[in-house]
Structures are given as structure tokens and as C-alpha cells.
Q: 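Dumping the structure here so I can ask a few things about it.
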Number of protein chains: 2
Amino acid sequence: MGREIFDLQADILKALGHPTRVRIVEGLRGGKRCVCEIMAELQLEQSNVSQHLAVLKRAGVLGSRKDGMKVMYWVNHPEVFDLLDTLQEMVVRRVREQVRLLGHVK
Amino acid sequence: MGREIFDLQADILKALGHPTRVRIVEGLRGGKRCVCEIMAELQLEQSNVSQHLAVLKRAGVLGSRKDGMKVMYWVNHPEVFDLLDTLQEMVVRRVREQVRLLGHVK
DNA sequence: CAAGTTTATTAGGATATTCTAATATGCATT
DNA sequence: AATGCATATTAGAATATCCTAATAAACTTG
């Protein structure tokens, strides 16, 4: 099975390609956090959060480690944040463009 | 329906999260190309390529326009290339790390 | 206008994701 | 040992994605 570069790239993109998982990564900008905090922020079912964390970990985006009674998660590659920043610029630019076009119609 | 920023980010990530679609975008670094060229490069079914192009266009990643008998496609936001570059660095770094760990075992 | 090119669309089955609810696991504390 | 927390795993239904094969649509050209 010839695993090519774009397969690996696609794996990561796919792992990130869900609103909840984007939010999880976004919430980890400040560093490690325990599942309980992540859950509290997302306001979603515990098992659901756990599953999304597992997806991100399986793709290598997150790392984790037990710390006492809690489990801490963190983002493995800081580049992921750049990636989200770039993406944000893109959508902001796009929305701005749409607003501009609407203005012309008015 | 409250469409938030991370929904839009996730839409783009999801659209890019397939090996074939990564390859398509990668092939458009040089600028516009017609479907026939893209197809020839990918060596995949015509309808399959057409569907992947549609996914990328629906997500706003690609634009397209008829040009005579051909249809040309291009990448709308140049940031997408930066995104793929960042991703490539990530996977390369990861692979290097794995190789390093293997070396220790040997 | 008939025929050929290029691309898009549809249909359908196989597989994968996603969510909720229930249950299990691993530690800590009592 | 029993109980309580924090997290993971499993099961299962609903939905989405992906591919192939067939067909349609839009042009161009003879």
C-alpha cells in the first residue's frame, strides 16, 4: 500500500474537517487542557467529545497524557495554528467580498 | 442557523480532506487548467474527477469557467497553497521523527 | 443538423461518519 | 474493598461520502 504525501496531508485535513474538532484545536492554543475543561467549553456530550479527541489523536494532531485523575490533551504541531489562522483569513476575506457584492445590489 | 467561523473553516478543511482533492489543488499551483489535463494527470474516472472538482468548487476553493470546448478550473485563494505547504512540513517533520525513533531501536 | 468532444449529473451500492445512550475502565479516596 | 470521578469504548441508527457505470447536457465542427 503506497502511502503518498497527499494521503498523509489528506488524513490531517480530514481529521480537522469538523466544526467541533476545529473548536477543540482552537481551544488548545493556550497549551495543554484536560478533557473536563474542553468539554465544559464545548457544551457537548462527554462521549462525543471523547470521540472527536480520539479522531484528532489518531491523526497525530493531538497528544495526550494522564495527569492524576485528569487526562490532558495538547496540539502536537504548532503549525496547526498557522493553518487555522490562514483559513480564518480566507473565510474573512470571502465574507468581506460577499458583503461588497451585496452593497452593489442595494 | 448560526453559521460560525469554525463551521466555515471546517467546510474548507473537509473539502480538502481527500487525497484526490489534495492532488487536484496541488496540480493547480501553476494556474488554470482544463479538466482534461487534470484528468490525464490523475488517471482516474472522468465522473469521479468531475465530482471531486464539484466538491472543491462548492466549498469555494476552486473557481471555473468555460473556455471554448474546455472547462478551466483554478484555485480561488492563494492561501490554500500555503496551507498545503504547512501541511507538508508537518508530515515531513513527523516522518523524520519516526525514522529517528526507529534508528534508536536498531 | 448530425456526429463528436468535453464535462456534468444521476443512480446505486459499499463504506464511513456522526451522534446518543449505555456501559466499561482506571484511578483516588474513603 | 467500596464508592466516586474522569474518561474511554461500544452499539446502533441516521446520514454522508465515495466510487463505478450509465446517461445527459453543452458545445463545436463537419
Side-chain angles (χ1 to χ4, degrees), chain A residues 1-4 6-25 27-28 32-75, chain B residues 1-4 6-25 27-28 32-75:
Chain A
M1 33 105 195
R3 215 94 232 288
E4 312 274 350
F6 40 79
D7 289 307
L8 302 174
Q9 288 173 308
D11 285 344
I12 298 175
L13 289 165
K14 198 159 99 173
L16 290 170
H18 188 288
T20 298
R21 297 198 287 267
V22 171
R23 289 174 72 198
I24 287 174
V25 172
L28 289 171
K32 295 180 206 286
R33 290 177 87 188
C34 69
V35 178
C36 51
E37 281 182 302
I38 297 171
M39 248 180 63
E41 182 176 358
L42 297 181
Q43 293 273 64
L44 293 171
E45 290 267 342
Q46 181 267 320
S47 67
N48 193 7
V49 173
S50 188
Q51 285 164 352
H52 283 300
L53 287 168
V55 169
L56 286 167
K57 189 175 178 187
R58 207 177 313 130
V61 175
L62 301 188
S64 77
R65 169 188 284 270
K66 243 183 193 141
D67 182 21
M69 209 151 50
K70 314 279 185 74
V71 176
M72 310 297 289
Y73 276 86
W74 61 86
V75 171
Chain B
M1 35 98 198
R3 217 90 234 288
E4 312 272 352
F6 40 78
D7 289 308
L8 302 174
Q9 289 173 307
D11 285 343
I12 297 175
L13 288 165
K14 199 158 96 171
L16 290 171
H18 189 286
T20 299
R21 298 198 286 268
V22 170
R23 290 175 70 196
I24 287 174
V25 172
L28 289 171
K32 295 179 208 283
R33 290 177 86 187
C34 68
V35 177
C36 52
E37 280 182 302
I38 297 171
M39 249 180 62
E41 182 176 356
L42 298 180
Q43 294 273 63
L44 293 172
E45 289 267 342
Q46 181 266 320
S47 68
N48 194 6
V49 173
S50 189
Q51 286 165 350
H52 283 300
L53 287 168
V55 169
L56 287 168
K57 189 175 179 187
R58 207 176 313 130
V61 176
L62 301 187
S64 76
R65 168 188 283 270
K66 250 193 184 132
D67 182 22
M69 207 151 51
K70 314 279 184 75
V71 175
M72 309 298 288
Y73 277 84
W74 62 86
V75 172

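So that the names make sense, note that chain A is the first sequence line, chain B the second, and so on, each numbered from 1.
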Q: Among Met72(A), Arg33(A), His52(A), exactly one meets side chain to side chain contact (heavy atoms under 4.5 Å, CB included) together with Ile38(A). Which residue is that?
A: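 So, applying the side chain to side chain contact (heavy atoms under 4.5 Å, CB included) to Ile38(A) and each of Met72(A), Arg33(A), His52(A), only Arg33(A) qualifies.
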Q: Go nucleotide by nucleotide along DNA chain D from the 5' end; which of Val55(B) and Val71(A) gets its closest nucleotide reached first?
A: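 Closer to the 5' end of DNA chain D: Val71(A).
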Q: Rounded to whole angstrom units, what separation is found between the CG atom of Asp67(A) and the C1' atom of dA28(C)?
A: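 Rounded to whole Å, this separation is 14 Å.
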Q: With the side chain counted from C-beta on, respond yes when Leu8(B) and Ile12(B) share a heavy-atom pair under 4.5 Å apart, and no when they do not.
A: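 They are not in side-chain contact.
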Q: Whole-Å distance between dC19(C) P and Leu53(A) CG?
A: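 Atom CG in Leu53(A) sits about 13 Å away from atom P in dC19(C).
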Q: Before accepting this row, confirm whether a basic side-chain N of the pair Asp11(A)/Arg3(A) lies closer than 4.0 Å to the acidic partner's carboxylate O.
A: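 Salt bridge present between Asp11(A) and Arg3(A).
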Q: Lys14(A) or Ala54(A): which one's nearest nucleotide on DNA chain D is closer to the 5' end?
A: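 Closer to the 5' end of DNA chain D: Ala54(A).
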Q: Using a cut-off of less than 4.0 Å, is there contact between a side-chain N or O of His18(A) and OP1 or OP2 of dC19(C)?
A: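 Yes, His18(A) has a side-chain N/O under 4.0 Å of OP1/OP2 on dC19(C).
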Q: Taking Ala15(A)'s backbone N and O only, do any of them form a donor-acceptor pair with Arg21(A)'s side chain (distance below 3.5 Å, no angle check)?
A: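 Looks like yes, one N/O pair under 3.5 Å.
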Q: Report yes if a side-chain nitrogen or oxygen of Tyr73(B) is closer than 4.0 Å to either non-bridging phosphate oxygen (OP1 or OP2) of dA8(C); otherwise report no.
A: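 For Tyr73(B), the contact criterion (side-chain N or O under 4.0 Å from OP1 or OP2 of dA8(C)) is met.
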Q: Quick check: does any side chain N or O of Arg65(B) sit under 3.5 Å from a backbone N or O of Val71(B), one acting as donor and the other as acceptor?
A: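 Absent.
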Q: Starting at atom NZ of Lys57(B), determine the distance to atom C1' of dT7(C), rounded to an integer number of angstrom.
A: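 It works out to 12 Å between those atoms.
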Q: From CE of Met39(B) over to C1' of dT5(C), roughly how many Å is that when rounded to an integer?
A: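 So the two atoms are 11 Å apart, to the nearest Å.
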Q: What are the two closest heavy atoms between Leu13(A) and Gly17(B), and how far apart are they?
A: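 Reported closest heavy-atom pair: CB-CA, 3.7 Å.
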Q: List the residues meeting side-chain contact (heavy atoms from CB on, under 4.5 Å) with Lys57(B), not counting sequence neighbours, and say none if there are none.
A: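 side-chain contact (heavy atoms from CB on, under 4.5 Å) check on Lys57(B) returns Ser64(B), Tyr73(B).
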Q: Could you tell me from which nucleotide to which nucleotide of DNA chain D, 5' to 3', there is an atom under 4.0 Å from chain B heavy atoms?
A: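 Counting from the 5' end, contacts occupy dT17(D) to dT28(D).
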Q: Do Met39(B) and Gln46(B) touch side chain to side chain, with heavy atoms closer than 4.5 Å?
A: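 When only atoms from C-beta onward are counted, Gln46(B) and Met39(B) do touch, with a gap below 4.5 Å.
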Q: In whole Å, I'd like the distance from the CZ atom of Arg58(B) to the C1' atom of dT9(C).
A: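 Computing the Arg58(B):CZ to dT9(C):C1' distance gives 12 Å.
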Q: Taking NZ, NE, NH1 and NH2 as the nitrogens, is one of them in Lys70(B) or Glu37(B) under 4.0 Å from a carboxylate oxygen of the other?
A: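 No, no charged N to carboxylate O under 4.0 Å.
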Q: Using a 4.0 Å cut-off on heavy atoms, which residues in residues 40-51 of chain A reach DNA chain D? List them by number, or say none.
A: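 Under 4.0 Å from DNA chain D: Gln46(A), Ser47(A), Ser50(A), Gln51(A).
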